[in-house]
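Throughout, protein chains are lettered first and strands after them, A, B, ... in sequence-line order, and every chain is numbered starting at 1.
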Amino acid sequence: MSKLFALVDCNNFYASCERLFDPSLEEKPIVVLSNNDGCVIARSNEAKALGIKMGVPAFEIKSLVKTHGVKVFSSNYELYGDMSRRVVETLQQFSPDLEVYSIDESFLDLSNFYNTDIQEYAKEIKATVQQWTGIPVAIGVAPTKTLAKVANRLSKKSSKAKGVLVLTDPRHIEEALKRTKAGDVWGIGRRYAKKLAELGVHTAWDLRHVTDAFARKYLTVVGLRTVKELRGEPCIEMEMVPPAKQNICTSRSFAKTVGNLSAIEEALATHTIRCATKLRKQKSCAGALTVFLQTSRFNEQDKLYFNSRTIKLNAPTSSELELLHYAKLALKAIFREGYGYKKTGIILNDIVPENQVQLSLLNAGHHERDTRLMQTLDNLRERFGFATVGYGMQGEGNECALRKEFASPCYTTKVAEVMKVGWNYYSSSK
DNA sequence: TCTGGGGTCCTAGGACCC
DNA sequence: TCTGGGGTCCTAGGACCC
């Protein structure tokens, strides 16, 4: 039986979310900025029409913002996460076989609907999401995921499609691939697009017709899969259950450069706690951690520095007390006086399911006590917000604090009662 | 002055083993 | 003196995604 996939993609997702709470923003240019209000990561159609490009630094669009009254927002990931969940819940009404591909995209397996009027069905999905969540979406439907991506993209560009495009007829597929640049195909990035152009492959239609050997040689087995998918042969399966992450990372840039160790320690402690929380959420333990520290990539006069340190743990753990202890050691090992640092972060590696961790007699007692404490902390943070419970080491200084000049109002106010546990809790009690 | 954050997969090459 | 070949594991680097 033939396969059929839909890709549902939220239009200008973050910008659409911000617009939801303020109807006066309808048809106004909106941009959403990255952490630290650094660069543009989402734009409404009106902002795109002004020529504001994805990823440009915020300071470069200042005059455009002023002259055209562009509404600027700092990013609010809690809001976007919440809206994303509502969109997914709505989509689940239409097919139980759903893959959440990213915060604003989901694949639906519609193979069982092959003989129904798929165009009408897709239109109904689009209208329902709009009505239930207020988020506009575009839908592409095709026999493979890669072709569904192509369809989705064209559905937004064509005024006739109005956000819904079904590609099943071979003549329509040919037309679509001829109108799509090779570099706009899912899996073909900037480097490959350049290389392909040098080899005479310019459109998705060209790419569909390269030989397997050519694809394998220049694009590896991954690219070969892409080429086959363009031919209509499904190679990329639905992933209904997201696999556990093999690496978990938390990092942030500082609003200003920072030179002293204790301020960086505070920031790293917060990153470590966030990272450990993600780790426990997927019920895993980490066998190693990597801490990195770097100066700005952009400031050419200043001395550049990047360094990282990996520490293997005696046994996999999800205790943030233990992780904090080693993160601090790793940071100390790579910190050098005399630099203006811009970013630090932690990566948890060698991740295993928590129920696979062998308890040695040595760490068993510690482990049980830590596990109970971590559960308590997770519960408190879940109920009252992440800032509820911290440690002395996180400090109150905000030398490394994020800049968020354009935050939208906080509709759900959180209780912020700070309970302090000493920085030395772990090491002194060991 | 001001430039994000968080992931995955593949390949080539070196170390090491028999 | 003769100096092979196959396998595994690990890591760094490069490519991609949103």
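Taking atom CG of A:N36 as the reference point, atom P of B:dT3 lies 7 Å away to the nearest angstrom. Between the C1' atom of B:dG4 and the OH atom of A:Y14 lies a distance of 10 Å, rounded to the nearest Å. Going from atom CD1 of A:I103 over to atom P of B:dG4 covers 19 Å, rounded to whole Å. When rounded to the nearest whole Å, the span between CG of A:N35 and P of B:dT3 equals 12 Å. Across the protein-nucleic acid pair, A:F406 atom CZ and B:dG4 atom C1' stand 16 Å apart, rounded to whole Å. Across the protein-nucleic acid pair, A:F107 atom CZ and C:dC17 atom P stand 12 Å apart, rounded to whole Å. In this entry the distance linking CZ of A:F298 with C1' of B:dC2 reads 11 Å, nearest Å. Remark: C1' of B:dT11 and NZ of A:K217 are 16 Å apart, rounded to the nearest angstrom.
Across all strands shown, B:dC17 is found opposite C:dG6 as a Watson-Crick or G-U wobble partner, with both distances under 3.5 Å.
If you check every strand for non-hydrogen atoms under 4.0 Å, A:I188 touches sugar and phosphate atoms only. Within the nucleic acid shown, A:D37 has no heavy atom closer than 4.0 Å to any nucleic acid atom. Using a 4.0 Å heavy-atom criterion, one finds that A:R274 contacts no nucleic acid atom at all. Among the heavy atoms of the strands, none lies under 4.0 Å from A:V32.
Phosphate proximity of B:dT3 to A:K342: present, with a side-chain N or O under 4.0 Å from OP1 or OP2. Within the structure, every side-chain polar atom (N or O) of A:K149 is placed at least 4.0 Å from both OP1 and OP2 of C:dC17.
Side-chain atoms of A:D9 and A:K149, non-hydrogen and from C-beta on, never get closer than 4.5 Å to each other. Using a 4.5 Å heavy-atom threshold, the side chains of A:Y101 and A:E99 count as touching.
For the residue pair A:E18/A:Y80, the side-chain donor-acceptor check at 3.5 Å is satisfied. A side-chain donor from one of A:N349 and A:T290 sits under 3.5 Å from a side-chain acceptor of the other. The closest side-chain donor-acceptor pair between A:S95 and A:D97, if any, does not fall under 3.5 angstrom. No side-chain N or O of A:N12 forms a donor-acceptor pair with one of A:S44 less than 3.5 Å apart.
Annotation: proximity of residues 189-203 of chain A to DNA chain C (heavy atom, distance under 4.0 Å) is found for A:G189, A:R190, A:R191, A:Y192, numbered in ascending order. Within residues 218-227 of chain A, the residues that place at least one heavy atom under 4.0 Å from DNA chain B are, in residue-number order, A:T220, A:V221, A:V222.
Here A:F94 and A:Y121 bring their ring centres to under 6.0 angstrom of each other. Taking the ring centroids of A:F5 and A:W186, they lie at or beyond the 6.0 Å cut-off.
Ring geometry for A:W205 against A:H209 counts as perpendicular: the plane angle is over 60°, on a 0 to 90° scale with 30° as the lower cut. Between A:F306 and A:F292, the ring planes are parallel. Angles under 30° get that label, and only those over 60° would be called perpendicular.
Nearest-nucleotide assignment on DNA chain B puts the 5′-proximal partner with A:K62, out of A:S34 and A:K62.
Rounded to whole Å, the separation between the C1' atoms of B:dC16 and C:dG4 comes to 16 Å.
Here the side chain of A:D378 pairs no donor or acceptor atom with the backbone of A:R280 at under 3.5 angstrom. A donor-acceptor contact shorter than 3.5 Å links the side chain of A:R19 to the backbone of A:K28.
Between atom CD of residue A:Q92 and atom OG of residue A:S106 there is a gap of 8.5 Å, rounded to the nearest 0.5 Å.
Comparing B:dG4, C:dC17, B:dT3 by their nearest atom to the side chain of A:W186 picks out C:dC17. Looking at the side chain of A:Y77, the nearest of the listed nucleotides B:dG4, C:dC18, B:dC2 is B:dG4.
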Table of protein N/O atoms under 3.5 Å from nucleotides 6-8 of chain B N/O atoms:
| from | atom 1 | to | atom 2 | distance (Å) |
| --- | --- | --- | --- | --- |
| B:dG6 | OP1 | A:R252 | NH1 | 2.8 |
| B:dG6 | OP2 | A:S251 | N | 2.5 |
| B:dG6 | OP2 | A:S251 | O | 3.0 |
| B:dG6 | OP2 | A:S251 | OG | 2.7 |
| B:dG7 | OP2 | A:C249 | N | 2.4 |
| B:dG7 | OP2 | A:C249 | O | 3.4 |
| B:dT8 | OP1 | A:Q246 | N | 3.1 |
| B:dT8 | OP2 | A:N247 | ND2 | 3.3 |

